[in-house]
Engineer: 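So that we are looking at the same thing, I have put the structure below in structure tokens.
Numbers restart at 1 for each chain; the letters A, B, ... are given by sequence-line order, proteins then strands. All values below were derived from every heavy atom in this structure, side-chain atoms included, with hydrogens, water molecules and symmetry-related copies excluded.
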Amino acid sequence: MDFHSLHVKWQARWNEAHIFEPHVSKGDKFYLTAAFPYPNSPQHIGHARTYTTTDIYARYMRMNGKNVLFPMAFHVTGTPILAMAKRIQAGDPELFGIFDKIYGIPPETTRTLTEPKSLVLFFSKEIEAGMKEMGYSIDWRRKFYTFDAIFNKFIQWQFHKLHEAGLIAKGSHPVPWCPADQQPVGGHDTQGDLDPQLEEVTAVLFQAGEGFIPTITYRPETLPGVTNLWVNPNAKYVLVQMKEAAEEEKMGKKEANAGKKEKKAGKKEAPAAQKPKRIYLTREAFETLSHQFEMAKIKDVPASELLALRASHPADGRAIPILPASFVDPAVGTGLVMSVPAHAPFDWLALRDLHKLDETKPIQVLDTPGFGPCPAGELCQKMGVKNQDDPKAQEATKLLYKTEAHSGRMKSAPYAGLNGIEAKERIKADLVRAGQALSVHILANAPVHCRCGALCVVKQVKNQWFIDYGNEAWKAKTREALAAMRIRPAGLRQDYEYTVGWLQRKACTRASGLGTQFPFDETQMIEALSDSTIYMAFYTIAPIVKKMAADGGIEKIDDQFFDFVLLGKEPADKKKKTPDWDEARREFLYWYPLDSRHSAHDLVHNHLTFMIFIHTAVFAQAQEGADGKKRPASSFWPRQAVSNGFVTMEGKKMSKSMGNILPLRKAIAQYGTDVVRFVVTSSAELEADSDFNQAAAEGVISRLNVLENYLKKTINEKTKAPSRSRISRWFYSRFHSRVRDARAQYDEFQLRPLAKALLYDTVNDLQWYSRRSARLDLREFFEYWALLANPFMPHVAEEFWEMLGEKKAYAAACPMAVSAGFPSADTKQIDPSLEMGEQYLQSVIEDVRHILSLIKNEKPASISLIVHSSWKKKARALVAAHKNIKAVMDAAKKDPELSKRAQAVAQLAGKLIKNIGSITGEALDAQEEMDVLTDAREFLSSEFLGAKIEVLREEDAPPALAAKASNALPGKPSIFVSP
RNA sequence: GCAGGGGUAGCAAAGCCCGGUCAAAUGCGCAAGGCUUAGGACCUUGUGUCUUAGGACUUCGUGGGUUCAAAUCCCACCCUCUGCACCA
């Protein structure tokens, strides 16, 4: 079978039959979507996992008789595509290299993609072609791009709804920022694709000279222990005037939260006590922080001038000296540092280096078991840290911080008794409230450089718009929706719950990017995670809207249209309605709610949770509509969210820098569609990362070849299969258990165990079967198997299905597997005793082998297998029930057959009880064991190179073997080998 | 720091919820044999240690505990991965 061309043949037939283009009908619908792709590069096998998982589910549901809709579109919103186009325009050699080497896109083609639109078109075509080659059962009639004018209308409608609900807010917001490009930076904008990490820290204000000295610290709880401040004697300082922070603004008519407790967002707002101040900074810090605070330079201040000042402690006003220290980096924080020698190794070391430890006595703040009054000093001495430039100082700092955070106790009021972590939060809050500290944002992983080369800073963006996910009433609704949803993998539910609780305001606009203009501020674009929350609703009406726009112009599609179609609100002017409106409403009502939403698990914490949020908000306004039918808002909420892990390549994470990205279409060309589908989805549990490797792919191919060979033999068989042998019945018993389990496995996305059963275990069984029997009876197996594997490997399944010709064993004539029903197991064929018998036979073979290897005899003349006397099974049952020798003997007395050989029973029971763990299950009785062994005599003989096989009962054993025979146990015949 | 996941034989990975049938599925790798002109593919067997009769012993991150019995339950500790937002 040619795995490389199979998909062409079958995809043509499916398309001819329009199988994946469903229509509104009376039947049960099933509507599922997967997160649409972002076309800024071709897709690789990693992308294929989510889509294949979705497609398997779609095909499975189709086989269950559902009218299945699986649409697809392209997400082009945001800045990465712009950034990519810009890099191409600039001729970025790294990018050209990646496209050329990894994806095989020649530079002359790349060079043409300088326009965002042409870039989007190029890659979306590529991605669409890949999805088609993968055989995804997608209804392509519904395709759109998120920059399409009709989609923009839809998203603007969505924001009008959120606004009406009072869920849009405006304010200021810190973002990672490139001062050169004058725009926010994300991971795709930085050198080395470094994701800038925002972190909030506290800057404590010490009054000194003409203003305040702000010192940034991770440990505000050590404030009482401050003995001095540090200034870098070689840095250049300035005095600046800070201005009032801009006020926050709240949008919307309804205050869902009104009257309740104070806003959580409080930490972002400037506290009343924080009056405009003058502060000292290094020049570098002034430069950096001016993006975050409005301030103006008053004058330069030499370090020497600062060193001559004394500061006053914010808590008790005591005078604090200002000393020089080399470890203070002028570019980090404010360029000024507070010194807590008792708890900060750097501070203690710097004081020691200055020989000032005597006059500047460390002040203990936290009491920690194992440490005395000056933990930092004690630790430095213990670790032998030489001075403030010794790398070990960093190590000591980390260690001490960790220890004191948990087991340190604050010594003095009002924080006495708290540990480091608790005290830190309290003191920080108290200081900020009292205006004695500033809340400052820094980049935790600084330095981060923009692609343009500039050093990134934190900018406080004004006029930023938010979706207010912090709204408690909304959260409650969302929790309700979440509780009603099926979440797979189930363990992720608490992640969703955590996310719902943790989400606050989410910036929903940006100054640049593709997508939809923000309706309340034309200078802003809606960002990518905010325009992809409810688009599943748009798919249902996309073809109609497209047609309407083509016929009557885009203006016809307005808020009233969406209000009617999605919410059932009649327009004020009834004449506005056209038949298209009603058709759209019908489509929407038929397909919604969304039955299943699929993505990779990185979207759980944002997109998938947003989806639930926005659904509850927008459909809260759902109305009855003209037909008068009641439709509660909850009937539009999504029913299920499924997320899967990523794909690694040969055990390693795929990355551009490692060059180990396998483009999807290349993988298809190399291994064939169904092989890729299979490996990508089934080499790990849903929640884990799966691995794509050549060995696995080739393993799948070779097993498919094995199956195909058996299939060819099967269809060439002229004569009818005789009545089924024991081993045939064993094979079908095993197989039908697998068929029986398959349904639940598909339902639960247990694709790995399912795949293992379907291909690996089944092929192993097949091989055992063919070893045990010259004549195979496989027609029924293949008819089932083709349908069972159909969701996974639809092209191979079709090919097998076709090869089988007229179906006999299972299915009513169905021209293609794609529209066949999902098979049900013939449970009558499942017989545990057959499987036990075969297991018994296998263990006998194993034992004989073991013996032969021990006695170093490969070719014995004869092997006697002696089956236990039937009373032994009775005794075994008693042991299993009582697990105690005395109780067993008591029970044995009541049984005439056992009581007359009490001694033998006691001996046997003693033996069995030693291995009590191994006798919990059922066992074959003596006759069944005889049957199995007798049936397999010929087979056993051939396994042991022609040895004569003798099967006996214990009581029939000749005197010479009597001693040996008495060792026979249920499940374990006595074995005697004659050389 | 907060939240979540994980540590099982050479590697990957199941088992853990519901303790015994667990020296622990399965795949890869490795070794031997078969087939073959040869290689590949395929098939068989083996792959913790010891063992000339199917046995014994030691193993599932570390240390304790519960139990007749622990990879599985409880406690503590160590290590590790992921996410923490305006980024798709």
Engineer: Would you indicate, yes or no, if B/A85 has its OP1 or OP2 atom less than 4.0 angstrom from a side-chain nitrogen or oxygen of A/Arg510?
Structural biologist: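 For B/A85, OP1/OP2 do not have a side-chain N/O of A/Arg510 under 4.0 Å.
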
Engineer: Of the nucleotides B/U52, B/A25, B/C84, which one has an atom closest to the side chain of A/Lys756?
Structural biologist: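 Selected nucleotide (nearest to the side chain): B/A25.
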
Engineer: We want to know whether A/Asp531 and A/Thr77 form a side-chain donor-acceptor pair, criterion being a heavy-atom distance below 3.5 angstrom.
Structural biologist: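 Present: a donor and an acceptor within the cut-off.
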
Engineer: Tell me which nucleotide among B/A14, B/G54, B/A88 gets nearest to the side chain of A/Tyr38.
Structural biologist: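 The nucleotide sitting nearest to the side chain is B/A88.
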
Engineer: Hydrogens and angles aside, do A/Arg488 and A/His598 bring a side-chain donor and acceptor to less than 3.5 Å of each other?
Structural biologist: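 Per modelled atom types, A/Arg488 and A/His598 side chains form no pair under 3.5 Å.
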
Engineer: Between A/His601 (NE2) and B/G83 (P), how many Å, whole number?
Structural biologist: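 For the pair A/His601 NE2 and B/G83 P, the rounded distance is 9 Å.
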
Engineer: Using atom P in both nucleotides, what's the gap between B/G39 and B/G27 to the nearest angstrom?
Structural biologist: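 So the two P atoms sit 24 Å from each other.
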
Engineer: Watson-Crick or G-U wobble partner for B/A76, using a 3.5 Å limit on both distances?
Structural biologist: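 Partner of B/A76: B/U62.
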
Engineer: Can A/Phe613 and A/Lys475 be said to form a side-chain contact (heavy atoms from CB on, under 4.5 Å), step by step?
Structural biologist: CA-CA 8 Å; A/Phe613 264 101; A/Lys475 276 186 197 290; 4.1 Å; yes

Engineer: With a 4.0 Å cut-off, would you call A/Asp761 and A/Arg734 a salt bridge?
Structural biologist: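 No, no charged N to carboxylate O under 4.0 Å.
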
Engineer: Can you tell me the base-pairing partner of B/C84? Count Watson-Crick or G-U wobble geometry only, both distances below 3.5 Å, and say none if there is no partner.
Structural biologist: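 Its partner is B/G1.
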
Engineer: Let me know, please, whether A/Asp602 or A/Asp495 comes out on the 5' side of the other along RNA chain B by nearest nucleotide.
Structural biologist: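 The answer here is A/Asp495.
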
Engineer: Counting any heavy atom closer than 4.0 Å, what does A/Val977 reach on the DNA or RNA strands: base, sugar-phosphate only, or nothing?
Structural biologist: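 Contact class for A/Val977: base.
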
Engineer: Please work out if A/Arg493 contacts a base, only the sugar-phosphate, or nothing of the nucleic acid, heavy-atom cut-off 4.0 Å.
Structural biologist: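 The residue A/Arg493 makes no contact with any strand.
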
Engineer: Give the nucleotide from the list B/C87, B/G54, B/C86 with an atom nearest to the side chain of A/Ile975.
Structural biologist: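 So the nucleotide nearest the side chain must be B/G54.
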
Engineer: Find the distance A/Asp689:CG to B/U82:P and express it as a whole number of Å.
Structural biologist: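 Those two atoms, CG and P, are 10 Å apart.
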
Engineer: A/Glu200 has an atom CD; how far is it from atom C1' of B/C84, in whole Å?
Structural biologist: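 It works out to 14 Å between those atoms.
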
Engineer: Does a side chain donor of either A/Gln694 or A/Glu698 reach within less than 3.5 Å of an acceptor in the other side chain?
Structural biologist: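 Yes, a side-chain donor-acceptor pair sits under 3.5 Å.
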
Engineer: How close or far is atom P of B/C84 from atom CG of A/Asp195, stated in whole angstroms?
Structural biologist: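 For the pair A/Asp195 CG and B/C84 P, the rounded distance is 7 Å.
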
Engineer: Give me the distance, rounded to whole Å, that separates B/U62 from B/C87 when you measure between the P atoms they each carry.
Structural biologist: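 Between the two P atoms, the distance is 45 Å.
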
Engineer: Do any side-chain nitrogens or oxygens of A/Gln767 fall under 4.0 Å of OP1 or OP2 in B/C43?
Structural biologist: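 Indeed, a polar side-chain atom of A/Gln767 lies that close.
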
Engineer: Do you know which two heavy atoms are closest between A/Phe646 and A/Asp689, and how far apart they sit?
Structural biologist: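 Taking A/Phe646 first and A/Asp689 second, the nearest heavy atoms are N-OD1, 2.9 Å.
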
Engineer: Measuring only the C1' atom in each nucleotide, how far is B/U21 from B/A71? A whole number of Å is fine.
Structural biologist: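 The answer is 16 Å between these two C1' atoms.
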
Engineer: Any base atoms under 4.0 Å from A/Pro753, or only sugar-phosphate, or nothing? Heavy atoms, all strands.
Structural biologist: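 Nothing: the residue A/Pro753, judged by heavy atoms under 4.0 Å, touches no strand.
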
Engineer: Base, sugar-phosphate or nothing for A/Lys506? Non-hydrogen atoms, less than 4.0 Å.
Structural biologist: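 Base contact.
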
Engineer: Under 4.0 Å, counting only non-hydrogen atoms across every strand here, what does A/Leu503 touch: a base, just sugar-phosphate, or nothing?
Structural biologist: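 Since a base atom lies under 4.0 Å of A/Leu503, the category is base.
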
Engineer: Can you find a side chain N or O atom of A/Thr509 that sits less than 4.0 Å from OP1 or OP2 on B/C86?
Structural biologist: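 Checking B/C86 against A/Thr509, no side-chain N or O comes under 4.0 Å of OP1 or OP2.
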
Engineer: Quote, to the nearest angstrom, the C1' distance that separates B/C77 from B/G29.
Structural biologist: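 Each nucleotide's C1' atom is 35 Å from the other's.
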
Engineer: Suppose we define a pair by two distances each less than 3.5 Å, Watson-Crick or G-U wobble; what does B/A14 pair with here?
Structural biologist: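 Across any shown strand, B/A14 pairs with none.
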
Engineer: Can you tell me how far P in B/C74 sits from the matching atom in B/A24, rounded to whole Å?
Structural biologist: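 Each nucleotide's P atom is 26 Å from the other's.
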
Engineer: Starting the side chain at C-beta, find the nucleotide from B/C28, B/G27, B/G55 nearest to A/Ala695.
Structural biologist: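 The answer is B/C28.
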
Engineer: Closer than 4.0 Å, any side-chain N/O of A/Gln494 to the OP1 or OP2 of B/G5?
Structural biologist: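 Looking at the OP1 and OP2 atoms of B/G5, one of them is under 4.0 Å from a side-chain N or O of A/Gln494.
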
Engineer: With a 4.0 Å cut-off on heavy atoms, is A/Arg752 in touch with a base, just the backbone sugar-phosphate, or nothing at all?
Structural biologist: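 Contact class for A/Arg752: base.
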
Engineer: Between A/Tyr760 and A/Phe678, what is the ring plane arrangement, given parallel below 30°, perpendicular above 60°, and tilted in between?
Structural biologist: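 Because their plane-to-plane angle lies in the 30° to 60° range, the rings of A/Tyr760 and A/Phe678 count as tilted.
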
Engineer: With respect to the side chain of A/Asp761, which nucleotide from B/U26, B/A85, B/C2 is positioned closest?
Structural biologist: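 Between B/U26, B/A85, B/C2, the one nearest the side chain of A/Asp761 would be B/U26.
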
Engineer: Using a cut-off of less than 4.0 Å, is there contact between a side-chain N or O of A/Asn857 and OP1 or OP2 of B/A53?
Structural biologist: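 Checking A/Asn857 against B/A53: no side-chain N or O falls below 4.0 Å of OP1 or OP2.
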
Engineer: Between A/Arg426 and A/Glu221, is the closest basic N to carboxylate O distance under 4.0 Å?
Structural biologist: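 Looking at A/Glu221 and A/Arg426, the cut-off is not met.
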
Engineer: Can you figure out which of B/U51, B/C86, B/A14 approaches the side chain of A/Glu685 most closely?
Structural biologist: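 Shortest atom-to-atom distance from the side chain points to B/A14.
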
Engineer: In whole Å, measure the gap between the C1' atoms of B/C81 and B/G61 for me.
Structural biologist: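 B/C81 and B/G61 have their C1' atoms separated by 15 Å.
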
Engineer: Using both distances under 3.5 Å as the test, list the Watson-Crick or G-U wobble partner of B/G40, or none.
Structural biologist: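 Its partner: none found.
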
Engineer: Rounded to whole Å, please give me the gap between NE2 in A/His850 and P in B/A23.
Structural biologist: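 Value for this atom pair: 15 Å.
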
Engineer: Across all strands, who's sitting opposite B/G48 as a Watson-Crick or G-U wobble pair, both distances under 3.5 Å?
Structural biologist: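 Looking at the geometry, B/G48 pairs with B/C57.
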
Engineer: Determine the contact category for A/Leu852: base if any of its heavy atoms lies under 4.0 Å from a base atom, sugar-phosphate if only primed atoms, P, OP1 or OP2 are that close, otherwise nothing.
Structural biologist: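 Answer is nothing: A/Leu852 stays at 4.0 Å or more from every strand.
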
Engineer: A/Tyr769 has an atom OH; how far is it from atom C1' of B/C43, in whole Å?
Structural biologist: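 Answer to the nearest Å: 19 Å.
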
Engineer: How far, in whole Å, is B/C86 from B/U80 if one measures between their C1' atoms?
Structural biologist: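 Taking atom C1' in both B/U80 and B/C86, they lie 30 Å apart.
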
Engineer: Which part of the nucleic acid does A/Glu846 contact within heavy-atom distance under 4.0 Å: base, sugar-phosphate only, or nothing?
Structural biologist: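 Nothing, no heavy atom under 4.0 Å.
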
Engineer: Regarding A/Thr77, tell me which of base, sugar-phosphate or nothing describes its non-hydrogen contacts under 4.0 Å with the strands shown.
Structural biologist: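 Sugar-phosphate, no base atom in range.
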
Engineer: Return the value, rounded to whole Å, for the distance between atom CD of A/Glu687 and atom C1' of B/G6.
Structural biologist: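 Rounded to the whole Å, the gap is 11 Å.
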
Engineer: B/A69 pairs with which nucleotide, Watson-Crick or G-U wobble, both distances below 3.5 Å?
Structural biologist: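 Matched B/A69 with nothing under the 3.5 Å cut-off.
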
Engineer: What is the separation between atom CZ on A/Arg505 and atom P on B/C84, rounded to the nearest whole Å?
Structural biologist: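 Between P of B/C84 and CZ of A/Arg505: 19 Å.
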
Engineer: When you get a sec, tell me which of B/A85, B/G27, B/C87 is the closest nucleotide to the side chain of A/Asn764?
Structural biologist: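 For the A/Asn764 side chain, the nearest candidate turns out to be B/G27.
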
Engineer: Looking for any heavy atom pair under 4.0 Å, which part of the strands does A/Asn693 touch: base, sugar-phosphate only, or nothing?
Structural biologist: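 A/Asn693: no heavy atom of the nucleic acid under 4.0 Å.
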
Engineer: What interatomic distance, in whole Å, is found between C1' of B/A13 and the corresponding atom of B/C18?
Structural biologist: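 Approximately 22 Å lies between the C1' atom of B/C18 and that of B/A13.
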
Engineer: For a quick check of understanding: with a heavy-atom distance under 4.0 Å over all strands, which category does A/Ser853 fall into, base, sugar-phosphate or nothing?
Structural biologist: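 The answer is nothing, as A/Ser853 stays clear of every strand by at least 4.0 Å.
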
Engineer: Counting the atoms with a prime plus P, OP1 and OP2 as sugar-phosphate, which does A/Pro973 contact under 4.0 Å by heavy atoms, base, sugar-phosphate, or nothing?
Structural biologist: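 Since a base atom lies under 4.0 Å of A/Pro973, the category is base.
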
Engineer: Which listed nucleotide (B/U45, B/C87, B/A53) is nearest to the side chain of A/Arg771?
Structural biologist: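 Of the options given, the side chain of A/Arg771 lies nearest B/U45.
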
Engineer: What is the base-pairing partner of B/C22, counting Watson-Crick and G-U wobble geometry with both distances under 3.5 Å?
Structural biologist: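 Check on B/C22: unpaired, no WC or wobble geometry under 3.5 Å.
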
Engineer: Go through B/C84, B/A53, B/U45 for me and flag the one nearest to the A/Trp502 side chain.
Structural biologist: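 The closest nucleotide is B/C84.
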
Engineer: Any pair with a residue in residues 836-859 of chain A that passes ring-ring contact (aromatic ring centres under 6.0 Å, His included), sequence neighbours left out, goes on the list, sorted by first then second residue, please.
Structural biologist: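 Non-adjacent pairs meeting ring-ring contact (aromatic ring centres under 6.0 Å, His included): zero.
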
Engineer: Heavy atoms under 4.0 Å, any strand shown: does A/Thr79 hit a base, just sugar-phosphate, or nothing?
Structural biologist: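 Since only primed, P, OP1 and OP2 atoms lie under 4.0 Å of A/Thr79, the category is sugar-phosphate.
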
Engineer: Between A/Trp768 and A/Phe939, how do the two ring planes meet: parallel, tilted or perpendicular, split at 30° and 60°?
Structural biologist: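 A/Trp768 vs A/Phe939 ring planes: perpendicular.
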
Engineer: Select base, sugar-phosphate, or nothing to describe what A/Lys972 touches, counting heavy atoms under 4.0 Å on all strands.
Structural biologist: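 Base contact.
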
